[in-house]
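Remarks on the structure that follows.
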Number of protein chains: 2
Amino acid sequence: MGFRAQLTTQEGIMSLKGNAIIGQSGGPTIVINASLVGAIQAAWDIDEIDRFFGAVHGMDGVLNEDLCDLFREDPDTVEAIKLVPSAGLGTCRLKPKDKDLERAMEVFKAHDIRYFFYIGGDDSQLACHRVSELAKSSDWEMRVIGIPKTIDNNLVVTDCSPGFGSAARYAATCCQAVGRDAEAFGNLEVVEIMGRNEGWLTGATSAARPTPEAPPHLVYLPEVKVTREQLIDDVKAKYDELGYCVIAVSEGFAFEGEDRVTSSSQVDEFGHSRLGGVAQWLSDVVEEGTGVRSRHDKLGNLQRCFSATASQVDLDQAYAVGQKAVYWAVEGQTDIMVTIERENDDPYQWECGATSLMTVAGASKAVPREWINETGNDVTEEFVTYCKPLLTGRACELDTGFSSFPKFRLHRIDCKLCAYERE
Amino acid sequence: MGFRAQLTTQEGIMSLKGNAIIGQSGGPTIVINASLVGAIQAAWDIDEIDRFFGAVHGMDGVLNEDLCDLFREDPDTVEAIKLVPSAGLGTCRLKPKDKDLERAMEVFKAHDIRYFFYIGGDDSQLACHRVSELAKSSDWEMRVIGIPKTIDNNLVVTDCSPGFGSAARYAATCCQAVGRDAEAFGNLEVVEIMGRNEGWLTGATSAARPTPEAPPHLVYLPEVKVTREQLIDDVKAKYDELGYCVIAVSEGFAFEGEDRVTSSSQVDEFGHSRLGGVAQWLSDVVEEGTGVRSRHDKLGNLQRCFSATASQVDLDQAYAVGQKAVYWAVEGQTDIMVTIERENDDPYQWECGATSLMTVAGASKAVPREWINETGNDVTEEFVTYCKPLLTGRACELDTGFSSFPKFRLHRIDCKLCAYERE
């Protein structure tokens with residue numbers, strides 16, 4: 001029996017009345033606020049939720065009792081924030097220890113919090129699951145729902161992760177743009193894309209190619225390693241064919257049998273950093289190996305926040321998972337993460353599903369080996385079929401000037417507990 | 001008597017019939033093809049121009065007699081290429097020597113070329129001027145017109161340089177986007193922007209701020225040096241005020257009394273590059289100096305080719321300078337560069353003017369000292385008034401998928417001379 005079937009048969013769930021809390025966690029995305037807004041707008045009309053608190057800087061805000069009253073935010077501002085990139089409540093990179101979780105429970109009890117929603121990746125889903133377990137063992141009735149988010153697209157069970165499509169669309173747009181620059185000079189160009197262990201984003205830049213000749217011409221995912229010799233041969237062949245070549249690599253790229261390149265933050269006695277990133281290093285390698293001039297670009301943090309090229313499907317899905325989290329919690333669900341289920345590739349159809357937090361907590365999904373070609377320098381048609389629908393653009397009028405990103409006012413609520421010091 | 005007055009009084013100029021040639025030179029821009037298209041479309045209706053050749057890869061194409069027939073390009077493709085970033089004819093970074101210029105004259109004579117148009121920055125305008133001088137001294141009647149182009153905005157006489165506005169708009173959009181990311185974490189963020197000797201682009205990111213609190217909060221131009229102590233103090237003050245801070249710096253940034261950071265392409269015995277760029281280095285410096293975590297992004301080559309955030313004014317001006325170059329050449333002008341003349345700041349009004357190639361050749365314009373504030377960490381209201389109109393957006397429907405950039409077919413014409421070897 002599938003999850004949605006279960007949902008519809010869950011009759012007679014006791015109504016749970018109280019307050020709710022939501023937080024954003026980990027690296028932000030272009031659409032993470034759409035999930036938050038989906039949850040807030042869903043909660044507006046729900047009697048069971050008295051007050052809806054925002055945890056400022058995620059779990060940090062829970063522990064420090066730094067909470068704001070989301071129902072006091074102006075509804076027009078809430079609606080506008082749907083399209084604002086990055087975490088409107090602030091985010092954190094905190095992995096809660098046992099003592100932190102106990103503190104979180106104290107905060108939840110002090111503020112009569114019966115609903116906990118957490119927007120994040122696999123680590124955050126683990127935190128969510130542990131909160132859920134602790135609530136059960138401390139006899140505090142609470143519904144805990146994880147809302148998926150990561151540009152890395154590495155959450156398991158869900159067909160894709162909100163945040164991925166928009167990051168991928170930016171990365172693909174960049175590869176096609178720098179391709180024009182590389183072709184004008186007849187150069188090589190190495191583009192470094194986020195994804196330390198999984199190559200979803202890097203592969204997506206290939207899936208977005210409008211024609212087989214469009215850049216990037218070679219893509220290397222961390223899932224498959226190639227030798228120096230093979231990569232140089234690949235580049236030479238493409239350059240001979242096209243007169244230029246764009247090479248997309250994940251930040252986790254390494255040659256077969258070699259260590260990864262690390263971008264050290266240590267500085268030498270002159271204050272200079274010791275190492276560049278993968279793009280700069282690999283650019284030097286291919287220039288030396290081919291004799292053709294090479295340039296490089298690292299797409300960096302903009303993959304998490306450049307919203308002018310957002311994906312409409314991604315925005316819609318991010319909103320939906322936030323909205324469904326609230327609806328399903330009130331209907332009695334707990335200890336689950338909302339997922340995206342694919343109904344059809346073309347035309348693309350999807351709906352929300354769910355999975356237990358246990359199954360996603362701390363787990364990650366690599367690109368399947370069979371979705372990468374045999375030589376390891378491109379993705380296959382299966383990858384393209386999977387990825388393409390997630391990259392649809394957004395028809396909108398570009399802002400002709402520069403307008404401010406709207407922001408929450410973050411009306412703080414009074415603390416009820418003593419201050420907390422993390423160990 | 002102004003230039004336009006001169007133009008209208010130049011009666012009785014001998015009509016000059018023959019072929020024309022155009023080339024693109026140096027670093028491409030988001031709108032450099034608009035100048036090319038402006039010239040092609042102007043030439044369509046001009047009887048004096050029999051054939052219009054494109055020099056493939058600029059002066060390289062002239063020397064190698066690698067020419068294409070632009071009148072054979074499909075008119076719809078020409079129109080569409082107006083919006084395609086980077087140099088559609090290819091570009092080069094060649095500084096012609098005396099022998100090269102003599103070869104160029106041979107090519108011009110062999111193909112009955114009477115009009116030479118060159119789209120480029122100050123070095124290219126110098127090449128243009130030297131061609132003009134050589135034509136005069138070799139008794140070859142030819143009209144030579146420079147078309148301004150550079151994202152650096154450092155050409156003299158002209159009010160601004162086509163290419164700048166769109167690069168600035170991308171850089172400003174990036175600063176505002178990464179500002180959201182930095183605020184969500186409560187971090188510092190260093191953004192590295194092109195401009196080795198002039199800070200026009202870096203300053204523009206400040207001019208685009210919709211509110212005084214919007215990022216970037218500190219901007220450092222190469223025109224004014226600050227000490228390490230001052231910069232750290234600046235960052236601390238902004239961070240204390242806002243809880244995060246975005247610092248925009250030109251790639252040519254250096255502290256008072258210190259050498260510039262260079263991004264070396266040399267590799268050590270492990271194949272790793274020795275140095276990072278300015279952003280990475282400065283990010284380490286501010287993190288160490290303030291104790292607050294810092295991230296960094298180098299905007300890189302995308303400033304020359306990311307067209308989704310192009311400036312409409314920039315596109316219009318790029319088109320106009322290409323168009324006017326052709327009109328004015330046919331009307332008898334030579335040895336000039338087309339310029340942009342500002343008529344009014346607000347509402348912004350401009351028209352094309354011209355200046356002698358001599359005045360712009362090899363010269364460059366820094367940001368005036370009085371347009372940078374006294375402490376050297378921001379631009380002044382004068383800079384903002386100057387810059388803001390150049391950053392207007394472009395109202396357009398975003399492509400909902402990914403369509404190919406249209407390309408020229410580059411129909412090559414037959415060579416008439418022996419092959420040429422550069423010394």
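Neither the backbone nor the side chain of A/Ser307 comes within contact range of chain B; no heavy atom of the residue lies under 4.5 Å from a heavy atom of that chain. For chain A, the nearby parts of B/Ala87 are the backbone and the side chain; heavy atoms of each come within less than 4.5 Å. For A/Leu299, the parts sitting under 4.5 Å from any heavy atom of chain B are the backbone and the side chain alike. For B/Val84, the part sitting under 4.5 Å from any heavy atom of chain A is the side chain, from C-beta outward, and nothing else. Heavy-atom distances place no part of A/Phe255 under 4.5 Å from chain B, backbone and side chain included. For A/Phe306, the parts sitting under 4.5 Å from any heavy atom of chain B are the backbone and the side chain alike.
Note on B/Glu251 versus B/Lys298: no salt bridge recorded, every NZ/NE/NH1/NH2 to OD/OE distance being 4.0 Å or above. Here B/Arg228 pairs with B/Glu258 in a salt bridge; the nearest charged N to carboxylate O distance falls below 4.0 Å.
Highest contact tally toward chain B, considering only A/Ile30, A/Thr173, A/Leu89, is held by A/Thr173 [criterion: heavy-atom pairs under 4.5 Å]. Contact count against chain B (heavy-atom pairs under 4.5 Å) is highest for A/Ala177 among A/Ala177, A/Gly90, A/Gly27, A/Gly88. Between chain A and the options B/Asp181, B/Val56, B/Val178, B/Asp60, the largest number of non-hydrogen pairs under 4.5 Å is found for B/Asp181. In terms of non-hydrogen atom pairs under 4.5 Å with chain A, the most contact-rich of B/Ser283, B/Gly300, B/Cys174, B/Ala214 is B/Cys174. Contact count versus chain A (heavy atoms, under 4.5 Å) is highest, among B/Glu189, B/Lys388, B/Lys407, B/Gln24, for B/Lys407.
Nearest heavy-atom pair across A/Ser124 and A/Ser25 is OG-OG, 2.9 Å.
Taking the six-membered ring where the residue is Trp, A/Trp281 and A/Phe253 present tilted rings, their angle falling between 30° and 60°.
Outside the 6.0 Å centre-distance limit, the rings of A/Phe185 and B/His57 are not counted as a close aromatic pair.
Side-chain contact check for B/Asp284 and B/Gln280: no donor-acceptor pair (N or O, by modelled atom type) lies under 3.5 Å. With no hydrogens or angles considered, a side-chain donor-acceptor pair links A/Arg209 and A/Ser206 at under 3.5 Å.
Annotation: side chain to side chain contact (heavy atoms under 4.5 Å, CB included) contacts of A/Leu83 (sequence neighbours excluded): A/Leu315, A/Arg394.
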